[in-house]
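Contents: one structure, followed by commentary.
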Amino acid sequence: MYADYEYYQTEYGGKMPAADFKRFGRRAERRIDGITGNKLQFAYPTNERDMEAVKDCVCELADFLYQIDSYNAAAMESMGTVAQADGTVKGKVITSISSGSESIGYSAAGSASTATMEAAKDKKVADTMIYGMVRDGLGGVPDSNGVNLMYAGIPYPRRNAPISRPSENKPVEKPTEPEEREEVTE
């Protein structure tokens, strides 16, 4: 893993339980690898400051994914079904019951909404926020080859291979333009 639980707790100051960090830390790493083109797997930064940026990004993203999961779990928990003949639901939040002129509607959560709640509701919003976190956390951070982790261009040196450059002894020749032909008229 790019960041371990000890770093998450002591340096980052996270509050997630260790078992959850293991799961969400791996998810965060997979998302970061997807966004950076797997550069960290073969060209992990060697500079201490850059390594900390990677670890902080993993921790921040793991916290975010954990919060989304918590919101989704709470939403699933709040959904209830009518369990008794009189219409009451034990241990669940009643969202709406109507019978003739009687109506019952309870809501555990207010109408307040946060960006994380919106991300929990909409995968597209979550993906946009995740990309933004990775871009902000790793933008300008070079890998061990000196290439920005967010660089998505081609060619990219693989597995610490040297960047191919023309030999200094033999300069690159410019291509010559083809000679123009004279038109022959009959």
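The first residue of the sequence shown is numbered 1, and numbering continues consecutively from there. Since we're looking at a predicted model, the values are computed, not measured.
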Which residues share a ring-ring contact (aromatic ring centres under 6.0 Å, His included) with Tyr131, sequence neighbours left out: none
field: same_hphob_cluster(Met129, Tyr71) at 4.5 Å side-chain heavy-atom cutoff
entry: no
- line: Sorted by chain and residue number, the side-chain contact (heavy atoms from CB on, under 4.5 Å) partners of Met133 (sequence neighbours excluded) come out as Glu60, Leu61, Phe64
field: Presence of salt bridge, Glu118 and Lys121, under 4.0 angstrom
entry: yes
field: Sequence-distant partners of Asp50, side-chain contact (heavy atoms from CB on, under 4.5 Å), two or more places apart
entry: Pro45, Asn47, Val141, Pro142
- prompt: Under a single-linkage definition using a 4.5 Å side-chain heavy-atom cutoff for Ile, Leu, Val, Met, Phe, Trp and Tyr, are Leu138 and Val147 assigned to the same hydrophobic cluster?
  reply: no
- request: List for me each residue that meets salt bridge (charged side-chain N to carboxylate O under 4.0 Å, His left out) alongside Lys123, sequence neighbours excluded, and say none if there are none.
  value: Asp127
message: Do Arg31 and Val134 have side chains that approach each other closer than 4.5 Å (heavy atoms only, starting at C-beta)?
response: no
query: With distance as the sole test, does Asp122 use its side chain to make a donor-acceptor pair with the main-chain N or O of Lys124 at under 3.5 Å?
result: yes
field: Asp20 and Asp69: CA distance, side-chain angles, deciding distance, side chain to side chain contact (heavy atoms under 4.5 Å, CB included) verdict
entry: CA-CA 10 Å; Asp20 289 330; Asp69 191 66; over 6 Å; no
- request: Mind jotting down which residue pairs meet the ring-ring contact (aromatic ring centres under 6.0 Å, His included) criterion with at least one end in residues 16-35? Sequence neighbours excluded, please.
  value: Tyr5-Phe21, Tyr8-Phe21, Phe24-Tyr66
- request: Not counting sequence neighbours, which residues clear ring-ring contact (aromatic ring centres under 6.0 Å, His included) with Tyr2? List them please.
  value: Tyr44
message: Quick check: is Met1 connected to Met16 through a chain of hydrophobic side chains (ILVMFWY, heavy atoms under 4.5 Å apart)?
response: yes
